[in-house]
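Accompanying notes for the structure given below.
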Amino acid sequence: MSRTTPFTVPVYPAPAWLPGGHAQTIYPAALMWKKTPIYRRESWITPDLDSIVLDWVEGRVGTPLVVLFHGLEGSSRSHYATSLFDYLYPLGWRGVVPHFRSCGNAINRLPRAYHAGDSAEIDWVLCRIRAQYPDVPIFAVGVSLGGNALLKWLGEQGEAASAVINAAAAVCAPMDLTATGNALDQGFNRRVYTREFLRSLRKKTFAKLKLVDNPFLDQESLRRATTLREFDDLVTAPIHGFKSVDHYWQSASCKPHLASIRLPSLVINAKNDPFVPYESLPLQAEVSDHVTLMQTREGGHVGFVSGAMPGHLQWLPQTLHRFFQCHLPQPR
């Protein structure tokens, strides 16, 4: 059982010196941290004989464990991961970042990589962690792409999710992948964010071709690709069993599953997120009573900078920590 302590949705105090969704998205990655987590890396072999790497933050024995699923081309070094664990470590809480396949500077063995709707991978990782830590509170956080995959898993699992984790949170999840894909392929988004995503994704794909042959991939078209739609149609969709990019984006979106969630879940989105159009965010009527929607006026895409210049990133870790504290198991 969990505590009945109610969670009060906090206000996000956006700094006046950092206006706009783009600035609030880009600036956090430039913040320099005095401390960075000390990670212990571990490699796991997947059920299909592939491999992933996990970075662990140690804490006191018996304390809660937070599992963080990163975003597109993210890692344990992403600003949201380092800020979260910098905040939790002094409290004694433990953490782990399971990297999606091909992430964390570790090329995986199979042709496949990862995608936004890979709830089966979420299930395997969380169930293995629960088996490893059967008697501690476990909380899951999904950021951006990882948030969509986590929410999809929660909806598919329904009541069964409570046997694996105690509560969950999704931060800036693109719950309608078609809306997000279209947004990222236009204007400033395409010239800045998508260009950087494609640079990394294309590099990984060509590196993988040196290890695993893919005769169905049109390499020249991949070199010319300038949108996520093109990349997902050429690479992500076919290697993960989808018929097309549209089939992938529709099938992998978590939005249709939100009404089936039966675990306490906090869903945080900023209305000025340049990746996730405000019109695509769910209404309260589209989610279950177990889901708390928190849609802030500002914050950008996983930004949420606060405080006087140069600012800090403590607001999001504080909010997640408070939510999870409300769902700690009652003492026996």
Side-chain angles (χ1 to χ4, degrees), residues 1-12 64-69 71 84 88 93 116-127 129-130 133-134 136-177 251-271 273 276 278 280-296 299 302 304 316-331:
M1 295 181 62
S2 297
R3 291 178 179 172
T4 56
T5 305
F7 173 71
T8 302
V9 176
V11 173
Y12 166 60
L65 172 63
V66 176
V67 184
L68 186 148
F69 294 99
L84 177 61
L88 294 178
W93 286 37
D118 200 354
S119 51
E121 192 89 330
I122 299 284
D123 184 65
W124 171 70
V125 169
L126 288 177
C127 287
I129 291 174
R130 170 52 74 192
Y133 297 96
V136 304
I138 297 177
F139 302 108
V141 179
V143 177
S144 194
L145 174 148
N148 180 81
L150 176 61
L151 290 170
K152 183 170 177 282
W153 175 81
L154 288 167
E156 292 170 346
Q157 293 295 312
E159 298 284 356
S162 61
V164 184
I165 60 176
N166 297 78
V171 181
C172 296
M175 293 168 276
D176 179 338
L177 294 174
S251 301
S253 294
C254 72
K255 197 171 184 179
H257 301 276
L258 300 178
S260 301
I261 293 175
R262 297 293 180 268
L263 186 83
S265 302
L266 177 64
V267 178
I268 302 173
N269 289 93
K271 295 179 181 179
D273 186 335
V276 183
Y278 170 60
S280 71
L281 297 180
L283 303 173
Q284 192 63 52
E286 297 178 281
V287 305
S288 79
D289 293 340
H290 298 269
V291 176
T292 299
L293 294 179
M294 182 177 175
Q295 296 173 357
T296 62
V302 203
F304 302 109
L316 181 58
Q318 288 173 346
T319 300
L320 296 174
H321 178 244
R322 285 212 306 262
F323 179 75
F324 292 148
Q325 279 188 308
C326 292
H327 298 288
L328 285 169
Q330 293 180 343

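Numbering starts at 1 and runs along the sequence shown.
Counting all heavy atoms, side chain and backbone alike, Cys172 lies closest to Asn269 at CA-ND2, 3.5 Å. Shortest non-hydrogen contact noted between Gly155 and Ser260 is O-CB, 3.4 Å. Residues Leu150 and Ala168 share a closest heavy-atom pair of CD2-CB, 4.2 Å. Leu126 and Ala140 get closest at one heavy-atom pair: CD2-CB, 4.4 Å. Nearest heavy atoms, Val136 versus Arg130: O-NH1, 2.9 Å. Shown here for Pro137 and Asn166, the closest heavy-atom pair between the two residues is CA-OD1, 3.3 Å.
Under the rule for a ring pair (Phe, Tyr, Trp, His ring centres under 6.0 Å), His290 has no partner lying at least two apart in sequence or in another chain. Among residues two or more places apart in sequence or in another chain, the side-chain contact (heavy atoms from CB on, under 4.5 Å) test is passed with Ser251 by Phe242, His247. Not counting sequence neighbours, Asp176 has no partner by the salt bridge (Lys or Arg N to Asp or Glu O under 4.0 Å) test.
Using cut-offs of 30° and 60° for the angle between ring planes, the Phe304 and Tyr12 rings count as perpendicular. Classified by interplanar angle (parallel below 30°, tilted 30° to 60°, perpendicular above 60°), the ring pair Phe324/Phe139 is parallel.
Rounded to the nearest 0.5 angstrom, Ile268 CD1 and Asp273 CG are separated by 12.5 Å. Thr8 OG1 to Arg322 CZ: the interatomic distance, rounded to the nearest 0.5 Å, is 8.0 Å. Of the inter-residue distances, the one linking Leu266 atom CG with Leu320 atom CG reads 6.5 Å to the nearest 0.5 angstrom.
Between the Ser162 side chain and the Leu263 main chain, no donor and acceptor come within less than 3.5 Å of each other.
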Could you give me the CA-CA distance, side-chain angles and deciding distance for Leu281 and Val276, then say whether side chain to side chain contact (heavy atoms under 4.5 Å, CB included) is met? CA-CA 8 Å; Leu281 297 180; Val276 183; 3.7 Å; yes
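Inter-residue side-chain proximity for Val287 and Val267 is flagged as unmet; no heavy-atom pair is nearer than 4.5 Å. Counting heavy atoms from C-beta on, the side chains of Leu154 and Ile165 come closer than 4.5 Å. Inter-residue side-chain proximity for Trp153 and Phe69 is flagged as unmet; no heavy-atom pair is nearer than 4.5 Å. By the 4.5 Å heavy-atom criterion applied to side chains, Leu258 and Leu151 are counted as neighbours. Side-chain contact between Asp123 and Glu156: absent, with no pair of heavy atoms (C-beta onward) separated by less than 4.5 Å. Side-chain contact between Gln295 and Pro282 is present, with heavy atoms from C-beta onward closer than 4.5 Å. Counting heavy atoms from C-beta on, the side chains of Ser288 and Arg262 come closer than 4.5 Å. Gln325 places none of its side-chain heavy atoms less than 4.5 Å from the side chain of Pro64.
Checked against Ser119 for a side chain to side chain donor-acceptor pair (under 3.5 Å), the options Gln157, His257, Lys152 give a single hit: Lys152.
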